[in-house]
Number of protein chains: 2
Amino acid sequence: MPMTEKYCATNNLEPLVNQQVSHRLAYFAEMQQQLCVRNYGSSNIYDNGFTSLHSNSQHELRTESSHKSIEDNVTESRSVNQKLWPVKACLEMKCLWDEFNELGTEMIVTKAGRRAFPTFQIKLWGLDPDAHYILMMDFVPVDEKRYRYAFHSSSWVVAGKGDPCAPPRIHIHQDSPEKGSHWMKQAISFDKLKLTNNQLDNNGHIILNSMHRYQPRFHVIYDSATGEESKLVNFKTFTFIETQFIAVTAYQNHRITQLKIASNPFAKGFRDCDIDDWYVL
Amino acid sequence: MPMTEKYCATNNLEPLVNQQVSHRLAYFAEMQQQLCVRNYGSSNIYDNGFTSLHSNSQHELRTESSHKSIEDNVTESRSVNQKLWPVKACLEMKCLWDEFNELGTEMIVTKAGRRAFPTFQIKLWGLDPDAHYILMMDFVPVDEKRYRYAFHSSSWVVAGKGDPCAPPRIHIHQDSPEKGSHWMKQAISFDKLKLTNNQLDNNGHIILNSMHRYQPRFHVIYDSATGEESKLVNFKTFTFIETQFIAVTAYQNHRITQLKIASNPFAKGFRDCDIDDWYVL
DNA sequence: CCGTTCCCACCTAGGTGTAAATGT
DNA sequence: ACATTTACACCTAGGTGGGAACGG
């Protein structure tokens with residue numbers, strides 16, 4: 001699998017992770033390696049080294065009725081560590097995500113980095129309270145297409161072939177590594193995560209192409225594997241279809257803007273009515 | 001030493017430490033025990049279970065000319081772990097602390113908890129980069145006296161016997177435990193630490209008596225001791241005499257108020273002149 | 001023309017001392 | 001009297017979308 005190896009070999013970890021946890025790189029180096037193999041090892045590889053979810057039947061996205069996510073690991077050839085078998089994840093604020101998703105979620109990307117809204121938050125169950133886990137997120141292009149917003153029809157249309165991707169980055173939750181009991185105590189919020197369109201970003205933010213569609217993913221990594229255990233698959237990936245979005249430098253769909261203003265406390269200054277708890281966040 | 005044992009026995013750890021790190025209690029239980037013995041084992045014990053620094057020659061405070069602190073461990077009977085021998089601490093913003101100290105530093109205590117200013121910040125050297133350490137602070141009453149401010153003479157005078165102390169608390173730095181390399185990377189700031197006069201405080205803040213004098217202390221704890229090593233003294237305490245202060249509910253010395261306003265960025269609104277970088281913080 | 005960048009008014013969240021009110 | 005509490009104006013620090021300016 002030469003492409004995969006080449007991809008991993010050129011995948012310099014240092015600038016890929018967010019700054020808050022850079023001093024813990026040793027913990028994550030091997031996990032990064034595993035994720036590379038896992039993400040791209042059995043998928044169609046494009047010139048830019050990236051994967052298309054849609055072109056890979058293993059990853060084909062399907063609508064889920066509940067808060068449940070797609071668990072990617074079921075197709076793994078290696079056995080999954082027992083510490084991860086019972087792990088379940090649930091998306092917080094699912095109703096709000098659904099509302100955005102029905103309109104076509106847009107996320108602002110800026111040179112300096114912009115937080116995503118709604119914030120990515122998950123609740124975990126089934127971790128070993130005393131074992132150590134690392135939590136991380138990454139963002140997979142949904143396709144290799146560039147989009148534009150057709151104002152006359154109020155819809156997104158394909159505008160051509162996708163632009164080349166910067167080397168993909170991962171965001172490691174700042175509490176990592178922590179015990180299972182810590183992660184299960186309350187919802188885990190990725191509110192430090194920022195999105196940027198600056199291909200040369202030096203702040204460890206997630207680099208995305210504007211006008212491209214992305215699927216966020218959550219990874220739970222078992223951090224205490226030793227001996228024979230370390231040969232098992234020591235992570236589990238959760239994909240919530242309703243968190244898909246298109247990266248933009250300015251909002252295109254006015255209804256998205258209005259929903260952001262209505263639901264994001266920091267945008268309260270732009271609300272028309274005084275009912276500021278339309279969404280209780 | 002019945003008082004010491006009684007003191008430690010009634011010293012329920014749970015509510016003593018700040019909330020941010022409460023889930024890491026297991027790490028600190030033994031250290032707390034050691035600190036109790038160490039702090040109070042060879043000192044005069046008062047009815048309230050507290051120690052007078054002044055009445056104990058081993059702890060007698062003396063002025064230091066440089067940034068150096070008093071290292072308490074030299075009087076220990078047990079051997080100190082090698083991982084701590086070369087550890088040195090240096091007080092950040094020493095000039096500002098000196099300026100406050102010459103006037104007689106006052107720190108506001110409130111029911112809800114108030115940050116100290118200047119912020120307690122130290123720089124560490126000599127840690128093993130790969131070993132894990134815990135950093136904590138506590139506050140020792142300088143004497144068992146109550147003070148009042150004599151406005152006519154602009155000085156603090158003894159107003160009687162000290163009030164009973166609440167069970168002493170420790171503040172564990174939120175990054176604990178972390179590797180030596182982490183702690184030495186930059187100055188360690190205890191900016192999450194808050195002081196309160198609420199004897200029933202439930203937020204893990206440091207409980208102090210208003211109008212009483214306190215000496216802050218820094219403790220570096222070696223967290224990786226196993227086997228024979230664990231019988232050694234696995235912590236080192238640093239005391240910076242210039243950080244001594246009197247707890248107050250309202251500032252008494254007007255010159256302290258003015259110095260706070262001049263040097264604390266959050267008090268900029270009370271400055272007379274527009275030169276807001278009189279102190280570059 | 002369309003997408004991006006930049007500055008800005010307006011928020012959230014929380015750290016200041018003040019001065020009046022409230023104990024004790 | 002003196003100490004403490006409370007509400008508050010005024011900051012820091014940083015997250016919003018708007019709209020003008022910029023650029024291919």
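Reminder, nothing fancy here: chain letters follow the sequence lines and each chain counts from 1.
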Between D138(A) and H171(A), do the side chains contain an N or O donor and an N or O acceptor separated by less than 3.5 Å?
no
Check the orientation of W97(A) and F120(A). Use parallel for under 30°, tilted for 30 to 60°, and perpendicular for over 60°.
parallel
Should the pair Y149(A) and F151(A) be assigned to parallel (<30°), tilted (30 to 60°) or perpendicular (>60°) ring geometry?
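Rings of Y149(A) and F151(A): perpendicular, as their planes differ by over 60°.
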With a 4.0 Å limit, can you tell me whether K260(A) has a side-chain N or O closer than that to the phosphate oxygens OP1/OP2 of dG17(D)?
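No, no such contact exists.
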Counting only side-chain nitrogens and oxygens, does K194(B) get under 4.0 Å of the OP1 or OP2 atom of dG15(C)?
yes
Starting at atom [atom1] of [X], determine the distance to atom [atom2] of [N], rounded to an integer number of angstrom.
X	N	atom1	atom2	result
H212(A)	dG3(C)	NE2	C1'	13 Å
L259(A)	dT16(D)	CG	P	14 Å
L195(B)	dT16(C)	CG	P	11 Å
E106(B)	dT16(C)	CD	P	16 Å
K268(B)	dA9(D)	NZ	C1'	16 Å
F117(B)	dG17(C)	CZ	P	9 Å
K192(B)	dG14(C)	NZ	P	11 Å
D272(B)	dT16(C)	CG	C1'	15 Å

Checking salt bridge (Lys or Arg N to Asp or Glu O under 4.0 Å) for the pair D201(B)/R169(B): CA distance, chi angles, key distance, verdict?
CA-CA 11 Å; D201(B) 173 78; R169(B) 292 184 172 180; 2.7 Å; yes
Reading 5' to 3' through nucleotides 18-24 of chain D, protein heavy-atom contacts under 4.0 Å coded B for base, S for sugar-phosphate only, - for none:
S------
How does each nucleotide of nucleotides 1-7 of chain D score, in 5' to 3' order, for protein heavy atoms under 4.0 Å: base (B), sugar-phosphate only (S), or none (-)?
--SBBS-
Name the residue from L208(A), I207(A), V109(A) that meets the side chain to side chain contact (heavy atoms under 4.5 Å, CB included) definition with T196(A).
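By the side chain to side chain contact (heavy atoms under 4.5 Å, CB included) criterion, T196(A) pairs with just one of L208(A), I207(A), V109(A): I207(A).
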Which of these, E99(B), K94(B), M107(B), sits in a side chain to side chain contact (heavy atoms under 4.5 Å, CB included) with P118(B)?
M107(B)
Determine, using ring centers only, whether F190(A) and H173(A) are less than 6.0 Å apart.
yes
Take F218(B) and F240(B) through the ring pair (Phe, Tyr, Trp, His ring centres under 6.0 Å) test and state the conclusion after the steps.
CA-CA 9 Å; F218(B) 300 86; F240(B) 297 94; 5.5 Å; yes
On the ring face of Y147(A), is R213(A) found with NZ or CZ under 6.0 Å from the centre and within 45° of the axis?
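So R213(A) does make the cation-pi contact.
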